[in-house]
Amino acid sequence: MKNFKRYLVTAALPYANGPLHIGHLAGVYIPADIYVRYLRLKKQDVLYICGSDEHGVPITLRARKEGTTPQQVVDQYHSIIEKSFQEFGISFDIYSRTSKPVHHQTASEFFKTIHEKNGFIEKTSEQYYDSEANQFLADRYIIGTCPRCANENAYGDQCEKCGTSLSPTELINPRSAISGTAPILKETSHWYLPLDEWEPFLKKWILEEHKEWKPNVYGQCKSWLDAGLLPRAVSRDLDWGVPVPLANAGSKVLYVWFDAPIGYISATKELTPDWEKYWKSEDTRLIHFIGKDNIVFHCIVFPAMLKAEGSYILPDNVPANEFLNLENEKISTSRNWAVWLHEYLADFPQRQDVLRYTLTSIAPETSDNDFTWKNFQEKNNNELVAMLGNFINRVVVLTNKYYNGNTPELGIPDAKDLEVINTLEQFKTNVEKLIEEFHFRDAQREAMNIARLGNKYLAETEPWRIFKENPEKVATILNICIQITANLSIILEPFLPFTVEKIRKILNIGTFEWNAIGSHTLVPTGHKIDAAPELLFSKIEDAEIEKQIEKLQLSKMSNAPIVPQFPPVKENIAYTDFEKLDIRIGTILEAQKVPKADKLLQFLVDSGVDKRTIVSGLALHYTPEQMVGKKVTFIANLEPRKIKGIESHGMILTAESPDGKLALLAPESEIQNGSLVK
RNA sequence: UGCGGGGUGGAGCAGUUGGUAGCUCGUUGGGCUCAUAACCCAAAGGUCGUAUGUUCGAGUCAUGCCCCCGCUACCA
């Protein structure tokens, strides 16, 4: 490995479109914070950079919906997010934001440099344009009927009802989200970053030179690289973002994924005039902490940008985490299925470290993981209270009881004492190794083992029993216990910064550097400790946990719409329009799954006049066996169409509820096949 | 469907280059009483998703299949 002189650590820029939840913390900000705090204790030169990502279409949409401006939206969330980070002790050197002038300037220059090097290609394409509002429409600004599920309010990039991803041109009856008018297709040109040209470089750099990256990251990159890269547009027609810094650019801005990672650079620039030392010296180790949704940007796109610009270093590692679930369900902002950080602190004031500890212990390092309130309670009660808090409390009580709070003399340690003293140093080596490999879960557990060692030492030496006959021995034991506690105050700092602060107060000591771990002379003989300190942790009762679980249940219920959101009734049609439809009753003769498709079933239907094949997306609701023999209603004169290579002659009718349940339509009493529906 | 990740005692996870399967919590039994009924010791509990194969030997390598997650495809 290279010999690095300094570290530059970035954590994914949170999108200023909503508050933070435990998933953000567990996946990105706590791991990065542990890493950085560790490096600082090691007296390494390190910067920890983050900020709000404030551009992009969703923010403009939210502003429009709330009748406010994009700037007001990002101002609101930026301050909520920043406050949450502060409260949880996420120790950024700077928390900036991409709406700042320094960012606009940095991103512009970045773009200009690549442009001057002919690093972009310019391409013209047809995009939807709102001629009333005089602007091009981003995919999300186009609303229309989903070609799949007929939802009339599908967005141009995705239908939120059936989940399919779309392109704007697929929408039926597209209309502009701004003026409501039908948009027209108009030519526009954009700049593209030719990722394909960087492919050979990226392949060598990642696949050959960074085999040490985590399997999930390496695998994902390999998958993208093997599939082949395509040029990616770096600009958009939008009025919120960093303007494209070219004379002929018109009202175009940099695409948000292009400007966001540059935010790391501009924040560093804002922080220190020395920023180039961190971004442009080969002996800086750049590390991006992100979630798995961001792998492709940080491992493929951003490095290609940096390389195209030419003067920057590339990340040495990108330790991406998987996702955290909540009570066995995916965390969802829109469904309000989340533990929001600001709400947590309101319910559990002063308990930042309990959440930090729990989240670290279940960090989704190798696969998705699950947060449950029960587990949170167990971790607090069994590990923080019973093991760590209790050990330190025992030491304090014993020292106060036998020595009035004065650290007794070490005296002459016997073999057992020496063994304990010598073990301390091993913890340092072990935790160090684990942190440097980004195994924070294990690192935290190993650090906590020191408290375990302390409890065991007390149980084996039993100072309370031998005090009368052998006070010197007790002095040795308690001296060592105090040294163990002082060691804890160092080794736990990356994980439990608030607790460590309290431990220092209890022992009445200052801070030590990392390399002091293992020393048994941290606290001098005669040093006075706190006589009646508060407890480090307190139990969390069942009632508190039940309250949280109820709260989640409530949000679940409020998510299930009491008045279901049905689409509005469509425009009136003439009876002659209806007459064009040939709807009939038929019987399913045969049914089978369509191979290589999850949702499709293939049927042979007796329509009364013929036997025909119909393919239908029912596989998630009915098995082939259930379907055989059923009477169904179907459209008989729909233009035949090939689905997965099978020609389908008609469409089986179902009713669909707002939550996606399907029910077949069948005649209420026995009637012949071929009977017309009208 | 294609690609990627994961599938290890009740729960959550480790298992480096193949050599007797570990950790935390929980459970059961015992010990201790300085401590927030906390702590310490011991025990029970796994044919490592599944089937073949490579090997003297496989959780660890290869291939097929099954299940879960993400992206992707399919819903006239």
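Residue numbering restarts at 1 for every chain, and letters A, B, ... go by the order of the sequence lines. These numbers come from a predicted model, not from an experiment.
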Inset, instruction - Would you check if A/Asp414 and A/Lys473 make a side-chain contact, meaning some heavy-atom pair closer than 4.5 Å? - result: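 Yes; the side chains approach each other to less than 4.5 Å.
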Inset, instruction - With the side chain counted from C-beta on, respond yes when A/Arg351 and A/Ser538 share a heavy-atom pair under 4.5 Å apart, and no when they do not. - result: yes
Legend entry - Under-4.0 Å salt bridge between A/Lys505 and A/Glu501: no
Inset, instruction - Considering only NZ, NE, NH1 and NH2 on the basic side and carboxylate oxygens on the acidic side, decide whether A/Asp610 and A/Arg612 come within less than 4.0 Å. - result: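 A/Arg612 and A/Asp610: salt-bridged.
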Gap in Å between the two [atom1] atoms, one belonging to [N] and one to [M], rounded:
{"N": "B/G7", "M": "B/G12", "atom1": "C1'", "value": "14 Å"}
{"N": "B/C39", "M": "B/C34", "atom1": "C1'", "value": "10 Å"}
{"N": "B/C32", "M": "B/U17", "atom1": "P", "value": "47 Å"}
{"N": "B/U20", "M": "B/G46", "atom1": "C1'", "value": "15 Å"}
{"N": "B/U60", "M": "B/A14", "atom1": "C1'", "value": "13 Å"}
{"N": "B/G53", "M": "B/A58", "atom1": "C1'", "value": "12 Å"}
{"N": "B/G31", "M": "B/G18", "atom1": "C1'", "value": "42 Å"}
{"N": "B/G45", "M": "B/C23", "atom1": "C1'", "value": "15 Å"}

Inset, instruction - Could you check whether A/Thr366 gets within reach of a base, just the sugar-phosphate, or nothing at all, counting any heavy atom under 4.0 Å? - result: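 The residue A/Thr366 makes sugar-phosphate contact but no base contact.
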Inset, instruction - Scan A/Val296 against the nucleic acid and name what it touches under 4.0 Å (heavy atoms): base, sugar-phosphate only, or nothing. - result: nothing
For the pair made of [atom1] in [X] and [atom2] in [N], what is the distance, rounded to whole Å?
{"X": "A/Leu324", "N": "B/C69", "atom1": "CG", "atom2": "P", "value": "16 Å"}
{"X": "A/Glu437", "N": "B/A14", "atom1": "CD", "atom2": "P", "value": "13 Å"}
{"X": "A/Phe376", "N": "B/G12", "atom1": "CZ", "atom2": "C1'", "value": "17 Å"}
{"X": "A/Trp224", "N": "B/G70", "atom1": "CH2", "atom2": "C1'", "value": "12 Å"}
{"X": "A/Glu647", "N": "B/C75", "atom1": "CD", "atom2": "C1'", "value": "17 Å"}
{"X": "A/Lys379", "N": "B/G12", "atom1": "NZ", "atom2": "P", "value": "12 Å"}
{"X": "A/Ile362", "N": "B/G12", "atom1": "CD1", "atom2": "P", "value": "12 Å"}
{"X": "A/Asp370", "N": "B/G6", "atom1": "CG", "atom2": "C1'", "value": "15 Å"}

Let's see if you can work this out: which of [options] has an atom nearest to the side-chain heavy atoms of [X]?
{"X": "A/Gln220", "options": "B/G4, B/C69, B/G5", "answer": "B/G4"}
{"X": "A/Arg445", "options": "B/A14, B/C23, B/G5", "answer": "B/C23"}
{"X": "A/Lys330", "options": "B/C69, B/G15, B/C23", "answer": "B/C69"}

Legend entry - Cation-aromatic face contact A/Lys678/A/Phe578, 6.0 Å, 45 degrees: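 A/Lys678 over A/Phe578 ring: no.
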Legend entry - Under 4.0 Å protein heavy-atom contacts per nucleotide of nucleotides 34-41 of chain B, with B for base, S for backbone only and - for none: BBB-SSSS
Inset, instruction - Determine: side-chain N/O of A/Lys214 to OP1/OP2 of B/G5, distance under 4.0 Å, yes or no. - result: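 False: A/Lys214 side-chain N/O out of range (4.0 Å or more) of B/G5 OP1/OP2.
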Legend entry - Side-chain N,O (A/Thr372) to OP1/OP2 (B/G12) below 4.0 Å: no
Legend entry - Parallel, tilted or perpendicular, as decided by the 30° and 60° cut-offs, for the rings of A/Phe438 and A/Phe289: perpendicular
Inset, instruction - Please work out whether the ring planes of A/Phe371 and A/Phe376 are parallel, tilted or perpendicular, with thresholds of 30° and 60°. - result: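 Judged by the thresholds at 30° and 60°, the geometry between A/Phe371 and A/Phe376 is tilted.
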Legend entry - Structure string for RNA chain B in dot-bracket form, Watson-Crick and G-U at under 3.5 Å, | interchain: .((((((..((((.....[..)))).(((((.......))))).....(((((..]....))))))))))).....
Inset, instruction - Assign each of A/Asn325 and A/Asn369 to its nearest nucleotide of RNA chain B by heavy atoms, then name whichever residue's nucleotide is nearer the 5' end. - result: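 Result of the comparison: A/Asn369.
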Legend entry - 5'-most by nearest nucleotide on RNA chain B - A/Ile614 or A/Asn216: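 Nearer the 5' end of the strand: A/Asn216.
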Legend entry - Closest non-hydrogen atom pair between A/Pro413 and A/Thr476, with its separation: CA-CG2, 4.0 Å
Legend entry - Heavy atoms of other groups near A/Glu209 CD, more than 12 under 6.0 Å: yes
